[in-house]
Number of protein chains: 2
Amino acid sequence: MATRQQKKIQTRNTLIKAVLDLVDEGGSFSSISIREITKQAGVVPTSFYRHFESTDQLGLNIVDEIGITLRKIIRSARQADFSGHRMMQESVDLFFDFVQGHKEQFRFMEQGRAGGSRAIRNAVRNELRFFSRELMSDLERLKLIPDMSSADLEMISDLVITTVHSRIIDYLDDADNPIRQQELRHKVVKQLRILFMGTSLWRT
Amino acid sequence: MATRQQKKIQTRNTLIKAVLDLVDEGGSFSSISIREITKQAGVVPTSFYRHFESTDQLGLNIVDEIGITLRKIIRSARQADFSGHRMMQESVDLFFDFVQGHKEQFRFMEQGRAGGSRAIRNAVRNELRFFSRELMSDLERLKLIPDMSSADLEMISDLVITTVHSRIIDYLDDADNPIRQQELRHKVVKQLRILFMGTSLWRT
DNA sequence: AATATAAGAGTACAACTGTACACTGAAATT
DNA sequence: AATTTCAGTGTACAGTTGTACTCTTATATT
């Protein structure tokens, strides 16, 4: 049998998973009760407090997990080392494949960004900013956008991330319509192309 | 005194306003109860059902009101008839002034888009699509983007709307920091400039 | 003037909520 | 081997929830 510490971590993960499952089933994080969570996790209500002092605290931990997923996306993209004219399509596909593979996390992120508590909104914002900064450093490193100040590069990275992440909800809501999902990916690619073309004409 | 019909409409509006007030105070629509709403509205809980069969129904009515606000934005922009190199800045300012003036509505919209019920998410999506289509027809009418197919124009309008509306939450969360709000407006203007520059190089 | 209508008030209740408290038993420490 | 620790259980309770029901009374209809 496992050690006490291991078992605790296990239950903790079960609680987090319970929330993500409930969100995936269509629930809204802000209206999920401690009792629903513990029921879903197969644990008694009061046990919750052995791990989190509030649902909000649990939510912040989920945001941390989302951060990990975002880092995985970045790592994958760097390893794949896309190049040439298919680079854009391949990057977008990589991103949405991750969204598909972690739909509960991304649904939670979008919910939290707009409708969570102040703390959760800020946490999500931070993760997105981090993601944007990583993109920025890749744009710099690979010299994908020559002759650009740091401030402008930051602004452009931000625009790219916004363009992509704004479509997450629409993408997930089309889960039963793969054709529309495909079109959506395609649309995003076009939008990013436009945007990158714009950078070549940009002068601060 | 007012007629029975007028009084009914009045209470109905009070209920809607109650929800928007609660959202403005930091509440999440999905977790607001009928009793909270009626309490805020100064009306007995059971009265709620004389007007709406569920909170979701009330929410859909709020989305309709948001639609009206969006139409006002469009009308204002057309009347103002911005032109020249300040056009972009003036349009963005117009938009964010409206956001400022209807913060409860816009907060509700962002919450609903990501965390509402399926019905509410779809309703919000529809309003945003409408908004995007109106922009598209203006781009066409004013020939702001020459030599562009309808499909591409639609895709570009969508990108513009996304870029602007994605910043609503960030903007409202900086309510206590007007300098940051100003910077945010400025950033959006730059992003739109890049994007429009991109369109001039675009070939399907 | 007599009657019908219907918006809002009041009452009631079962289901659910967060959380305080004492308990259990297996794992960790001594 | 004896003791301590502590994750998870069980019980309890006051507050909140949605909603069915009846009642009131001002307005509308006749």
Side-chain angles (χ1 to χ4, degrees), chain A residues 1-23 25-62 108 111-112 115-120, chain B residues 1-23 25-62 108 111-112 115-120:
Chain A
M1 197 48 202
T3 124
R4 189 141 72 182
Q5 216 177 51
Q6 289 174 316
K7 270 166 54 176
K8 184 169 186 183
I9 291 173
Q10 214 174 348
T11 335
R12 191 191 134 98
N13 288 338
T14 312
L15 287 170
I16 289 181
K17 186 169 185 317
V19 170
L20 289 173
D21 284 348
L22 289 169
V23 166
E25 288 167 16
S28 293
F29 174 70
S30 56
S31 68
I32 292 176
S33 68
I34 289 179
R35 288 178 114 103
E36 275 181 277
I37 299 169
T38 52
K39 189 174 180 180
Q40 174 85 19
V43 124
V44 108
T46 44
S47 252
F48 183 88
Y49 299 102
R50 301 273 183 219
H51 304 272
F52 307 100
E53 68 165 16
S54 64
T55 46
D56 235 60
Q57 276 301 317
L58 190 155
L60 291 174
N61 278 278
I62 293 183
F108 180 95
Q111 276 189 17
S117 66
R118 187 88 207 210
I120 288 193
Chain B
M1 196 50 201
T3 121
R4 188 140 75 182
Q5 216 177 48
Q6 289 174 316
K7 271 165 54 175
K8 183 168 187 185
I9 293 173
Q10 215 173 349
T11 332
R12 192 192 133 99
N13 288 338
T14 312
L15 287 169
I16 290 182
K17 186 168 185 320
V19 170
L20 289 173
D21 284 349
L22 290 169
V23 166
E25 288 166 16
S28 292
F29 175 69
S30 55
S31 69
I32 291 176
S33 68
I34 288 178
R35 287 177 113 103
E36 275 182 276
I37 297 169
T38 52
K39 190 175 180 179
Q40 174 85 18
V43 124
V44 106
T46 44
S47 254
F48 182 88
Y49 299 102
R50 300 273 183 216
H51 304 273
F52 308 100
E53 68 165 15
S54 64
T55 47
D56 235 61
Q57 276 300 317
L58 191 154
L60 291 175
N61 278 279
I62 293 183
F108 181 94
Q111 277 190 17
S117 66
R118 186 88 207 211
I120 288 193

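Hydrogens, waters and symmetry mates are skipped; everything else that's a heavy atom, side chains included, is used.
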What is the distance from [atom1] of [X] to [atom2] of [N], rounded to the nearest Å?
X: B:Gln6; N: C:dA7; atom1: CD; atom2: C1'; result: 14 Å
X: B:Phe48; N: D:dG18; atom1: CZ; atom2: C1'; result: 11 Å
X: A:Ile37; N: C:dT17; atom1: CD1; atom2: P; result: 10 Å
X: B:Lys39; N: D:dG15; atom1: NZ; atom2: P; result: 13 Å
X: B:Phe52; N: C:dA7; atom1: CZ; atom2: P; result: 13 Å
X: A:His51; N: C:dT19; atom1: NE2; atom2: C1'; result: 16 Å
X: A:Leu58; N: C:dG18; atom1: CG; atom2: P; result: 13 Å
X: B:Glu36; N: D:dG15; atom1: CD; atom2: C1'; result: 13 Å

Candidate nucleotides D:dT9, C:dT17, D:dT17, ranked by approach to the side chain of B:Arg35 - the nearest: D:dT17
Position toward the 5' end of DNA chain D (nearest nucleotide), A:Val43 or B:Tyr49: A:Val43
5' priority, DNA chain D, between B:Thr55 and A:Arg50 [closest heavy atom]: A:Arg50
Sugar-phosphate, base or nothing in reach of A:Ser47, heavy atoms under 4.0 Å: base
From B:Leu20 atom CG to B:Gln40 atom CD, the distance as rounded to the nearest 0.5 Å: 10.5 Å
Residue pair B:Ser30 / A:Ser30, side-chain donor-acceptor N/O under 3.5 Å: yes
Heavy-atom check, side chain of A:Val19 versus side chain of A:Ile62, under 4.5 Å: yes
Given A:Lys7, A:Arg12, A:Gln6, the one that forms side-chain contact (heavy atoms from CB on, under 4.5 Å) with A:Gln10: A:Lys7
Residue of the set A:Leu60, A:Ile32, A:Ile37 for which side-chain contact (heavy atoms from CB on, under 4.5 Å) holds with A:Thr55: A:Ile37
Polar side-chain contact B:Thr46-D:dG18 base: donor and acceptor under 3.5 Å: no
Donor/acceptor link under 3.5 angstrom from A:Arg4 side chain onto base of C:dT29: no
C:dA7 OP1/OP2 closer than 4.0 Å to side-chain N/O of B:Lys8: yes
